[in-house]
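Shown next, in structure tokens, is the structure this report addresses.
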Amino acid sequence: MQEKKGTLYKSIDKRLLTEGARLDFSVYESNPAKTVMSIFLQSDSVVDGNSKVRLREIETLFIADEEYEKYKFYAQKHLQSIANSPDIPFSEKASIVYEKASEAMDELFRNPDALGNMQKSQAIVDGFVSLALQNEATLSSVMKIAAHDYYTHTHSINVSIYSLSLAKFIGLKDKDLEDMGMASMLHDLGKSRVDWEIINKNGKLSDAEFEQMKKHPGSGYEIAVEMGITDKRILAGIRSHHEKLDGNGYPDGLIDKQISLFPRIIAVCDVFDALTTKRSYKDAMTSFEAIKIMKEHMSTHLDMRLVNTLIKMCAA
Ligand SMILES: [Fe+2]
């Protein structure tokens, strides 16, 4: 079967065609003269061992432009099998999962009320949990793939992978780890209801702007409830990630033991990512500089046992 006349094609990442996956779009290869496309796999085919062998010989795969959205959806849905693929080195699959998760999070922030957000978030979390459970997932290897320019959606991804690494390090497992992933990934979702100019302002916020910004944990909590999240720990992770142990945080001014484990972990990873990320008004710090600031200036805000765990993770 040959290309239809007038069809535009986009290249796709062939590593995402994991064995056993069923495609709901057709995939093409260009012929040696690179003038026409010929079909590689028809829509509704399953990627089998034979097609994986043939794939090795092919440099680039293509998809018809009108099916590109289906491919994006497929990639998000299969993050977990990509993360678990034995054929792809850790750093590569981590960057694939990171990139696809960033796209999905960007969409989630643009449209937090869309149907299907819960499944999308779950697929990202499953991918991250699978990555975090691999031995190579050290803090430094994960930091290498994390974006170091600040965007709200990549910040959420960074906080999520750091939180999962930390949670795994202190012994959380299975469902606890998954719930931790969900809470940390959605922790700033309430920022989608804060004015864009405030979110992207270069430099210090005015008092009025800060008051609006302070509403994001509460809004995030509301959005999470609307999405169908009922787990109290996840909801606390979202609502209480700006609480401080000395009671000077927001939105509820919780003190010490009133702040549960999930928001404590997210708070530490939130600050760590903010310090190790570049903004237009400040450079990125190294992980050691960031932890030094956290130890010296935030001991009344953050759970220092978790900060010390972060230090151990940096040394591991
Ligand atoms: Fe936040």
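Counting convention: from 1, in listed order, for ligands and their atoms alike.
Using bins of under 30°, 30° to 60° and over 60° for the plane-to-plane angle, the ring pair Tyr71/Tyr68 lands in the tilted bin.
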### Query
How far apart are the C-alpha atoms of Gln122 and Asp126, what are their side-chain angles, what is the distance that settles it, and do they pass the side chain to side chain donor-acceptor pair (under 3.5 Å) test?
CA-CA 6 Å; Gln122 193 64 57; Asp126 290 347; 3.3 Å; yes
Please tabulate, for the side chains in residues 307-316, all donor-acceptor contacts under 3.5 angstrom to protein atoms that are two or more places apart in sequence or on a different chain.
from: Asn308; atom 1: OD1; to: Lys295; atom 2: NZ; distance (Å): 2.8
from: Asn308; atom 1: ND2; to: Met304; atom 2: O; distance (Å): 3.2
from: Thr309; atom 1: OG1; to: Arg305; atom 2: O; distance (Å): 2.8

Solution key, residues 164-172 side-chain donor-acceptor pairs under 3.5 Å, sequence neighbours excluded:
from: Ser165; atom 1: OG; to: Ile161; atom 2: O; distance (Å): 2.8
from: Lys168; atom 1: NZ; to: Ala132; atom 2: O; distance (Å): 3.0

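The Fe ion (ligand 1) has Asp188 OD1, His216 NE2, His241 NE2, His242 NE2 as its protein N, O or S neighbours under 2.8 Å.
Other residues sharing the hydrophobic cluster of Ile198, ordered by chain and number and joined by side-chain separations under 4.5 Å: Val194, Ile199, Leu205, Phe210, Met213, Tyr250.
Linking ILVMFWY side-chain heavy atoms closer than 4.5 Å, directly or via other members, places Tyr221 and Ile234 in a single hydrophobic cluster.
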